[in-house]
Participant: 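My structure is below; once you've seen it, I'll send some questions.
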Amino acid sequence: MIPSIATVCVSGTLVEKLEAIAAAGFPAVEIFENDLIAFPGSPAEVRRICGDLGLSIVTCQPFRDFEGMPETRRQRTFDRAERKFDLLQELGSELLFVCSNVSPEAQSGIDRLAADFVELGERAGRRGLRVGYEALAWGRHVYDYRDAWEIVRRAGRPEVGVVLDSFHILARKLELSTIGTIPSDKIAMVQMADAPLLQLDPLSWSRHWRCLPGQGDLDLAGFMDALVSTGYDGVLSLEIFNDRFRAGSARSVALDGHRSLIWLLDETARRLGRPVPGAVPMPLPRPVEAVEFIEFAVAEVERPGLEKLLRAFGFGRTGRHRSKDVDLWSQGDIRIVLNSDAEGFAHSYQITHGTSVCALALRVPDAQGATLRARALLDVPHTGAAGPGELDIPAVRGVGGSLVYFLDRASALGRWSDVDFEPTGDVVPGAGLLGVDHVSQSMQYEEMLTWLLFYSSLFETHKSPTQAVIDPGGVVQSQVIESGPVDGAGHGLRLILNGSQSHRTLSARFVNELFGSGVQHIAFATHDIAATVTRLVASGMTMLPIPENYYDDLEARSDLAAGQIDALRTLNVLYDRDVAGEFRHAYTAPLNGGFFFEIVQRDGYAGYGAANAAIRLTAQANLHTLATPAFAGQ
Ligand SMILES: O=C(O)c1ccc(O)c(O)c1
Ligand SMILES: [Mg+2]
């Protein structure tokens, strides 16, 4: 299948859109009618620009309110079609894309509608053009692809085919097996869009909430399986109307679009267990086994503060890098790398972002496989400067320009800590921290879908529906992504992506005023939160104070004994439960501008304490955290 994208998917002027689409590697484009109308040049010029960019023009769409017009309007409608044929020919495109009529004047009657397509087909045929017919989910009479197909079938013209748009079909929950009965040469083109499940009328849902394959909840798998069964090998074109994409970066959305189609074809081929036309061969997506290490880029002046903090957390400095100004700190199954080297990636990251997390190293079953998969998915590779005898750990660019490293235990990479670090013999005092429970990354609201697709295309993952969390400064959208066995002791990967449209939330201030997009919070797992927090407090850590009212309310709504509530209150621990178990969690006061740690004790519980998020965010806002000096001030 030929990957394509509609200009309506990305932001900018027509030329900016086309440049972004070409840069993302698409060979073909659909021009949305409004983009052409607003272009200050001739259609021939658009054709030349596309030609120079290596883009073929699939169509310029849509052609609206055509079929079933009353007799008095019919002639005028065909005149309009002829004008549109002229335009398509000037653009060098062969397909007239008709979407079903929404006009109150439109008349029904399947044979009348078929007769209109007979005439349109004849007219197209005279010019060597083709016609495709799409059922809009809100068409006046035709809103089901099966009716559009029946009209096309009855028209019986070789020039006329049906357009299948996944959104219109899946939004109406139409059965998909009829797709498999359409001869592939009667499918004029296919449009792809996903969407989150929302209780909205189809038009509003379609015009604002469509998203890329893999970013939403529609049954694209069912759609693709039926499509592939026809043997279709034509254009597969993204048509995404999305408010975030209109506000986002055209280049990034176009690249995400191409990635999403590559991912979709790969998924389909794997699910069906047979080749799918156009699918790129790549290794399977695998689960993340663990967060192997977390790397901080640290300004020299802030290093003592951060080290003091790690000591207070019970970490020990267990390794010194053999050639660089880099230390390894450990406790339980947690490894933290502090990088203050005067050269290299971490240094540049520190200059632009400040002292912060510059890389997440993920342990996967096969690091080389993950690297090849990332390459096939158009992820951006990173090559570092390894010293002699040191490991060259494969990496790709992640959130905010940070890195995601791939490590495995099967290759030499499994020995990274021995190869690159000299043991110090330092004792690890320990505070009962076992592993990394989860990591949250804050980002611009417009970027959230990008990183959702990045993680979910690269690894075998599971995503939960987005949740709205209330911060005193506005609403934060929060998206959980999980991979591998997530058992609370540092296995697998649990990630939370946060983004907000308000500029006043803790998350937005972290991104806009301080560090840019990146890791804002790391949660460590413990089996005994009371012991861990007691130890942290004894070491001088300030925990986030939770108001008395919270515990009064907890007493009223839970069946916890008074002694248990007192234990939580004394240590500023929050509480939640789900069907599977209990959850206790506590936060440090924000440390470096807006960065903080969390301690969690999961006794079977699967969530993230969303019920307490608003309390925690208010407590953080009360501390006026952003005035706090950086790690050096600890
Ligand atoms: O929202 C619309 O009007 C519209 C136009 C053209 C399409 O292909 C479509 O799916 C929707
Ligand atoms: Mg469409």
Side-chain angles (χ1 to χ4, degrees), residues 289-300 302-342 344-347 350 355-363 367 384 386-393 395 403 405-409 411-437 439 489-491 493 519 522-528 531-532 535-536 538-541 588 591-592 595 597 599 631 634:
E289 293 175 347
V291 176
E292 182 74 21
F293 68 83
I294 296 174
E295 180 171 352
F296 283 77
V298 189
E300 202 57 65
E302 292 187 294
R303 184 134 153 198
L306 190 48
E307 291 180 344
K308 196 170 156 203
L309 180 79
L310 290 178
R311 288 234 181 264
F313 263 81
F315 285 86
R317 186 205 318 255
T318 51
R320 276 217 172 78
H321 198 278
R322 297 186 191 276
S323 67
K324 297 178 182 160
D325 188 9
V326 178
D327 287 338
L328 174 62
W329 291 72
S330 329
Q331 173 174 190
D333 205 17
I334 311 166
R335 286 155 297 272
I336 291 186
V337 168
L338 299 190
N339 190 331
S340 301
D341 211 49
F345 167 77
H347 181 65
Q350 188 276 320
T355 292
S356 55
V357 173
C358 65
L360 292 177
L362 303 180
R363 193 168 81 227
E390 290 167 12
L391 288 173
D392 200 357
I393 306 178
L403 296 183
Y405 287 115
F406 304 127
L407 287 161
D408 62 26
R409 291 212 162 147
S411 72
L413 293 170
R415 294 182 50 251
W416 65 271
S417 57
D418 301 331
V419 177
D420 287 357
F421 292 86
E422 189 159 347
T424 58
D426 202 4
V427 269
V428 179
L433 301 182
L434 305 167
V436 175
D437 183 86
V439 172
H491 299 289
L493 174 68
V519 172
I522 300 171
F524 296 127
T526 172
H527 281 326
D528 184 349
T532 296
R535 159 72 216 262
L536 296 187
S539 312
M541 283 302 308
T588 63
L591 300 161
N592 192 9
F595 179 88
F597 289 109
I599 313 295
F631 291 114
Q634 294 300 315

Participant: Does any part of the side chain of Glu295, heavy atoms only, come nearer than 4.5 Å to the side chain of Tyr405, both counted from C-beta?
Facilitator: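 Side chain of Tyr405 against side chain of Glu295, heavy atoms only: contact under 4.5 Å found.
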
Participant: If the plane angle is over 60° it's perpendicular, under 30° parallel, otherwise tilted; pick one for Phe313 and Phe597.
Facilitator: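 Tilted.
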
Participant: Show, in sequence, the C-alpha distance, side-chain angles and deciding distance for Val291 and Leu493, and conclude whether the side chain to side chain contact (heavy atoms under 4.5 Å, CB included) test is met.
Facilitator: CA-CA 6 Å; Val291 176; Leu493 174 68; 3.8 Å; yes

Participant: Which residues pass the side chain to side chain contact (heavy atoms under 4.5 Å, CB included) test with Gln331, sequence neighbours left out?
Facilitator: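 Partners of Gln331 by the side chain to side chain contact (heavy atoms under 4.5 Å, CB included) criterion, ordered by chain and then number, come out as Phe315, Val428, Ala431, Leu433.
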
Participant: Locate the shortest heavy-atom distance separating Pro429 from Gly314; write the atom from each residue and the value.
Facilitator: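 Pro429 and Gly314 have their closest heavy atoms at CD-O, 3.6 Å.
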
Participant: First locate atom CZ of Phe345, then atom SG of Cys358, and finally report the distance between them rounded to the nearest 0.5 Å.
Facilitator: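 Interatomic distance, Phe345 CZ to Cys358 SG, rounded to 0.5 Å: 5.5 Å.
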
Participant: For Arg415 and Leu391, work out which heavy atoms get closest and say how close.
Facilitator: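 Closest heavy-atom pair between Arg415 and Leu391: C-CD1, 4.4 Å.
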
Participant: So, taking the atom named CG in Leu407 and the one named CD1 in Ile393, what distance separates them when rounded to the nearest 0.5 Å?
Facilitator: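 One finds 5.0 Å between CG of Leu407 and CD1 of Ile393.
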
Participant: Has the side chain of Arg322 got a donor or acceptor atom that lies under 3.5 Å from a matching backbone atom of Phe421?
Facilitator: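 It does hold such a pair.
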
Participant: Measure the NE2-NZ distance between His347 and Lys324 for me, rounded to the nearest 0.5 Å.
Facilitator: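 Result: 13.5 Å between the selected atoms.
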
Participant: With sequence neighbours left out, write down each residue that passes side chain to side chain contact (heavy atoms under 4.5 Å, CB included) with Asp325, or none if nothing qualifies.
Facilitator: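 With sequence neighbours excluded, Asp325 shows a side chain to side chain contact (heavy atoms under 4.5 Å, CB included) to Glu300, Arg303, Ser340, Asp341, given in chain and number order.
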
Participant: What verdict does the side chain to side chain contact (heavy atoms under 4.5 Å, CB included) test give for Phe293 and Ile334, after you've listed the backbone C-alpha separation in whole Å, the side-chain angles of each residue and the deciding distance to 0.1 Å?
Facilitator: CA-CA 7 Å; Phe293 68 83; Ile334 311 166; over 6 Å; no

Participant: Look up atom CZ in Arg535 and atom CG in Asp528, then write down how far apart they are to the nearest 0.5 Å.
Facilitator: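 Going from CZ on Arg535 over to CG on Asp528, the span is 13.5 Å.
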
Participant: Which atom pair, heavy atoms only, marks the closest approach of Leu360 to Val519?
Facilitator: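 Heavy atoms of Leu360 and Val519 come nearest at CD2-CG2, 4.5 Å.
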
Participant: Okay, side chain of Asp437, backbone of Phe524: is any donor-acceptor separation there less than 3.5 Å?
Facilitator: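 Not confirmed, Asp437 side chain does not pair with Phe524 backbone.
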
Participant: Would you check if Asn339 and Val298 make a side-chain contact, meaning some heavy-atom pair closer than 4.5 Å?
Facilitator: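 With C-beta onward as the side chain, the pair stays apart.
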
Participant: Does anything in residues 417-434 pair up under side chain to side chain donor-acceptor pair (under 3.5 Å), and if so which pairs, sequence neighbours excluded?
Facilitator: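 Qualifying pairs: Arg311-Asp426.
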
Participant: Is a donor from one side chain sitting under 3.5 angstrom from an acceptor on the other, for Trp329 and Glu307?
Facilitator: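 The criterion, which ignores hydrogens and geometry beyond distance, is not satisfied for Glu307 and Trp329.
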
Participant: Quick one: which of Ile336, Leu328, Asp327, Val427 gives a side chain to side chain contact (heavy atoms under 4.5 Å, CB included) with Arg317?
Facilitator: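 With Arg317 as partner, Ile336, Leu328, Asp327, Val427 yield a single side chain to side chain contact (heavy atoms under 4.5 Å, CB included), made by Asp327.
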
Participant: Less than 4.5 Å apart, any side-chain heavy atom of Ile294 and any of Val337?
Facilitator: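 Ile294 vs Val337: side chains apart.
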
Participant: Measuring only between side-chain heavy atoms, which start at C-beta, is Arg335 closer than 4.5 Å to Glu292?
Facilitator: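 Yes, side chains in contact.
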
Participant: Give a yes or no answer on whether the side chain of Thr526 reaches the backbone of Gly432 with a donor-acceptor pair at less than 3.5 Å.
Facilitator: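 Yes.
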
Participant: Could you grab the distance from atom CG of Leu403 to atom CG of Leu362, nearest 0.5 Å is fine?
Facilitator: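 Reported value, rounded in 0.5 Å steps: 11.0 Å.
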
Participant: Could you give the distance from OG1 (Thr588) to CG (Leu536), rounded to the nearest 0.5 Å?
Facilitator: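 If we round to the nearest 0.5 Å, Thr588:OG1 and Leu536:CG are 9.0 Å apart.
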
